[in-house]
Engineer: 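Please read through the structure below; I'll follow up with questions.
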Amino acid sequence: MVEQIKTGLAAALQKAIAGAVDKGLINPVEVPEITIEVPREKGHGDFATNLAMQLARSAKMAPRKIAEAVAENLDLAGTPVERVEIAGPGFINFYLQPGWVYGVIPLIIEQDRNYGRLEIGEGQRVQVEFVSANPTGLLHMGNARGAALGDSLASILDFAGYRVSREYYINDAGNQIENFGRSLEVRFLQQLGQDIPMPEEGYHGEDIIDTVKGYIRKYGTGLAEADAVTRRKTLAEYALQEKLTHIRNTLLDFGVVYDEWFSEQSLHDSGAIQRTLDELREKGYIYEHENALWFKATEFGDEKDEVVVRSNGIPTYFAADIAYHKNKFERGFDKVIDIWGADHHGHVNRMKGSMEALGYDRDALQIILMQLVRLYRGGEIVRMSKRTGQFVTLEELVEEVGRDAARYFFVMRSPDSHLEFDLDLAKSQTNDNPVFYIQYAHARICSILRQLQEQGRRLPNVSEINVNVLTEQAELDLLRKLADFPTEIAAAAELMAPHRIARYLHDLAGLFHSFYNSHRVITDDETLSQARLVLVDCVRIVLRNALGLLGLTAPEKM
RNA sequence: GUCCCAGUAGCUCAGCUGGAUAGAGCAACGGACUUCUAAUCCGUAGGUCAGGGGUUCGAAUCCCUUCUGGGACGCCA
């Protein structure tokens, strides 16, 4: 609805400019894209445009003069505009008929779960790859933030009209798997009483001791007789399966479901890596130096070139990653989004450069970098997990604060900011806790609707109510916020910024609580009650839709 | 040394593809429950947008520079 009004105003302005130019009121100019914004100050109208200031330079006229000429030629028939004012340096402010926001009520009731759904994605295919943690261990806070962020972003993009696929890249090849195998072998032999030290670079986590014990329970100790290569390979494959299953379940408990689990090893097995390297070589972006093969990343704006095949003949992680991302585009995705920890930022330019080298649009690959997460408890920073001695795991976090709180806290901040995660706050059931604050708003509305049922009454149909009785400021503010929801979805999708939805939810909940405290919904005034019942039902719908996008529940009782 | 991110109220953070008087939550202080859930609300106070320079009608936002914090710079991933 808001977007429609904006489009209408922009079109009217466009015509007005042309009209003013024809009449000689304005010097002919190139008209820039007309942006209609919502003024921060209510006193500046419902919508405004800075058009006149933008035109001032090319028209060589004072902005206010331009604004006046444009305003005089505005034909606003068919728009809800009541009056137009020129203010400040040359803003054109639009004041709408009071009650224009009532139109959002039937819209929300009718569209219900689809209110806020957009088509700006135009059905383009987008892939969001996130978490992709090494399957050699447990999920830590960085992975957790990535999970919440990636899943929410995927949901938002889907809601905005993209066809979205969630993917997990399994790093099941290369050095780390060799290393993993060696570590498992050591633990295995230790179980048999052999006194072998764990290699310096090995996996020291205690979880793999359990893994090895589990293996022995199932398959016995026959591997002790096997050759080292077989032993390591067998243990690594066994452990990988176990770890992956575990990761999958942990993420499932966190509300994350993937469309695809993509194996790095499959790129080696299928020859995709070799083919990709051949293609780069044919295009002249590969050269040999000190027995290794290098990719000319510097030709694509990076600081230095990068090794793709080591002097021992084994391709690097980067080589696999190029083949992987090429594979993504070959699968037909129009846009590919990766979510990485900020410690990988050095990898961004060469990754995008490699796609450019292969003939893809480097900007079709978008990489979101997340800064670190720091856990706090009792004002003290928490570094270690009590159980594993490693970093606190996602499972432990969910166990402690619950899934909803965890997910909200991870997406409430911009990925760019270091996240201070206050465990005490996330657990607290008070107004300090934004998750409860928001969910409580939803529960309160459900409570009102329950109350209604207990009285043997029902929620009125939209066609039965008179929306014009909703004249309180708190009501109009709520309606305006509800009308803004689709715009907010568009912004969150375009800017890839789920934290905007978190913020929107908090704002909407705040407006509702404020309304709730000053006005009763169910009163003796039947007409007013009916209108307010439908209003709060609209709030319920939007809260529930937005909560859903962040993977949070919308409780009916608290 | 080079590069990336951040620096906004006491604290945690929005706002950053330039717009009008810089916002929110928490903490502080003062109020509101015989009510559809007080897990709530209302009010007060709180600012050199790290410092300096520039670009222009207009800068928290863009450019340059200095400082502070975090991170990356491997034939690891």
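The sequence lines fix the lettering, A, B, ..., with proteins before strands; numbering per chain opens at 1. Side chains are part of it too, since the values below use all heavy atoms of this structure and drop only hydrogens, waters and symmetry mates.
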Engineer: If only side-chain N and O atoms of A/R532 are considered, is one of them under 4.0 Å from the OP1 or OP2 phosphate oxygen of B/C36?
Structural biologist: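 No, A/R532 has no side-chain N/O under 4.0 Å of OP1/OP2 on B/C36.
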
Engineer: Salt-bridged, A/R350 to A/E303, with N to O below 4.0 Å?
Structural biologist: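 Salt bridge absent between A/R350 and A/E303.
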
Engineer: Between B/G71 and A/D343, counting only base atoms on the nucleotide and side-chain atoms on the residue, is there a donor-acceptor pair under 3.5 Å?
Structural biologist: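 By the distance-only test, no, there is no pair.
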
Engineer: With the threshold set at 4.0 Å, does a side-chain nitrogen-carboxylate oxygen contact exist between A/K296 and A/D302?
Structural biologist: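 No, this pair does not count.
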
Engineer: Using the P atom as the point on both nucleotides, what is the distance between B/G7 and B/G43, in whole Å?
Structural biologist: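 About 29 Å, rounded to a whole number of Å.
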
Engineer: Which part of the nucleic acid, if any, lies within contact of A/N134, taking any heavy atom under 4.0 Å across all strands shown: a base, the sugar-phosphate backbone alone, or nothing?
Structural biologist: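 Sugar-phosphate, no base atom in range.
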
Engineer: Select from A/E556 and A/R413 the residue whose nearest nucleotide in RNA chain B is closer to the 5' end of that strand.
Structural biologist: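 The residue closer to the strand's 5' end, by nearest nucleotide, is A/R413.
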
Engineer: Using the P atom as the point on both nucleotides, what is the distance between B/U35 and B/C16, in whole Å?
Structural biologist: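 Roughly 44 Å separates the two P atoms.
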
Engineer: Provide the distance between the two C1' atoms, one in B/A39 and one in B/G15, to the nearest whole Å.
Structural biologist: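 Going atom to atom, C1' in each nucleotide, I get 29 Å.
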
Engineer: Does the structure show a Watson-Crick or G-U wobble partner for B/U61, both distances under 3.5 Å? Name it, or say none.
Structural biologist: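 Pair assignment: B/U61 / none.
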
Engineer: Any base atoms under 4.0 Å from A/K557, or only sugar-phosphate, or nothing? Heavy atoms, all strands.
Structural biologist: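 Base, at least one base heavy atom under 4.0 Å.
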
Engineer: A/H513 near the nucleic acid: base, sugar-phosphate alone, or nothing, with a heavy-atom cut-off under 4.0 Å?
Structural biologist: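 The residue A/H513 makes sugar-phosphate contact but no base contact.
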
Engineer: Identify whether any heavy atom of A/N93 sits under 4.0 Å from a base atom; if not, whether one sits that close to sugar-phosphate; answer base, sugar-phosphate or nothing.
Structural biologist: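 Base, at least one base atom sits under 4.0 Å.
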
Engineer: Which part of the nucleic acid does A/A56 contact within heavy-atom distance under 4.0 Å: base, sugar-phosphate only, or nothing?
Structural biologist: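 Since no nucleic acid heavy atom lies under 4.0 Å of A/A56, the category is nothing.
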
Engineer: Please work out if A/E290 contacts a base, only the sugar-phosphate, or nothing of the nucleic acid, heavy-atom cut-off 4.0 Å.
Structural biologist: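 Contact class for A/E290: base.
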
Engineer: Can you classify the ring geometry of A/Y203 versus A/F180 as parallel (below 30°), tilted (30 to 60°) or perpendicular (above 60°)?
Structural biologist: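 Perpendicular: the ring planes of A/Y203 and A/F180 meet at over 60°.
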
Engineer: Give one of base, sugar-phosphate or nothing for A/A62, where a contact means two heavy atoms less than 4.0 Å apart.
Structural biologist: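 A/A62: no heavy atom of the nucleic acid under 4.0 Å.
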
Engineer: What does A/R40 touch in the nucleic acid at a heavy-atom separation under 4.0 angstrom: a base, only the sugar-phosphate, or nothing?
Structural biologist: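 Touches sugar-phosphate only.
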
Engineer: Using the P atom in both, what is the distance from B/C62 to B/A24, to the nearest Å?
Structural biologist: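 So the two P atoms sit 23 Å from each other.
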
Engineer: Keeping the roles fixed (side chain from A/H325, backbone from A/D321), state whether a donor-acceptor pair exists under 3.5 Å.
Structural biologist: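 Yes, the answer is positive, given that a donor and an acceptor are paired below the 3.5 Å cut-off.
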
Engineer: Using a distance-only criterion (donor-acceptor N/O pair, under 3.5 Å, no hydrogens), is the base of B/A14 paired with the side chain of A/D416?
Structural biologist: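 There is none.
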
Engineer: Send over the distance from A/H344 NE2 to B/G70 P, rounded to a whole Å.
Structural biologist: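 Taking atom P of B/G70 as the reference, NE2 of A/H344 is at 21 Å.
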
Engineer: So A/S447, base contact, sugar-phosphate only, or nothing? Heavy-atom distance under 4.0 Å.
Structural biologist: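 If one applies the 4.0 Å heavy-atom cut-off, A/S447 turns out to touch a base.
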
Engineer: Show the numbers, then the answer: is there a salt bridge (charged side-chain N to carboxylate O under 4.0 Å, His left out) between A/D507 and A/K481?
Structural biologist: CA-CA 8 Å; A/D507 290 348; A/K481 197 72 187 175; 3.5 Å; yes

Engineer: Pick base, sugar-phosphate or nothing for A/S514, based on heavy-atom distances below 4.0 Å to the nucleic acid.
Structural biologist: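 If one applies the 4.0 Å heavy-atom cut-off, A/S514 turns out to touch the sugar-phosphate alone, with no base involved.
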
Engineer: Taking pairing as Watson-Crick or G-U wobble with both contacts under 3.5 Å, can you name the mate of B/G1, or confirm there isn't one?
Structural biologist: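 Base-paired to B/C73.
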
Engineer: Hey, does the side chain of A/Y317 come within less than 4.0 Å of B/A77's phosphate (OP1/OP2), counting only N and O?
Structural biologist: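 So the side chain of A/Y317 is outside the cut-off, no N or O lying under 4.0 Å from OP1 or OP2 of B/A77.
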
Engineer: Should A/R444 be listed as having a side-chain N or O under 4.0 Å from OP1 or OP2 of B/A38?
Structural biologist: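 Yes, because at least one side-chain N or O of A/R444 sits under 4.0 Å from OP1 or OP2 of B/A38.
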
Engineer: In Watson-Crick or G-U wobble terms, both distances under 3.5 Å, what is the partner of B/C49?
Structural biologist: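 When the pairing criteria are applied, nothing turns out to pair with B/C49, so the answer is none.
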
Engineer: Is the ring centre of A/H44 under 5.5 Å from the base ring centre of B/A20, and are the two planes under 30° apart, so that they stack?
Structural biologist: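 Yes, the aromatic ring of A/H44 stacks with the base.
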
Engineer: Can you tell me the pairing partner of B/A28 across any strand shown, Watson-Crick or G-U wobble, with both distances under 3.5 angstrom?
Structural biologist: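 Base-paired to B/U44.
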
Engineer: Provide the distance between the two P atoms, one in B/U21 and one in B/C64, to the nearest whole Å.
Structural biologist: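 Nearest-Å result for B/U21 against B/C64 at atom P: 28 Å.
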
Engineer: Going by an N to O cut-off under 4.0 Å, is there a salt bridge joining A/E237 and A/K233?
Structural biologist: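 A/K233 and A/E237: salt-bridged.
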
Engineer: Evaluate whether the aromatic ring of A/Y437 and the six-membered ring of the B/A39 base sit under 5.5 Å apart, centre to centre, with an inclination under 30°.
Structural biologist: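 Ring-base stacking flag not set for A/Y437 and B/A39.
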
Engineer: C1' atom, B/C29 versus B/C36: distance in rounded Å?
Structural biologist: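 Straight-line distance between the two C1' atoms is 31 Å.
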
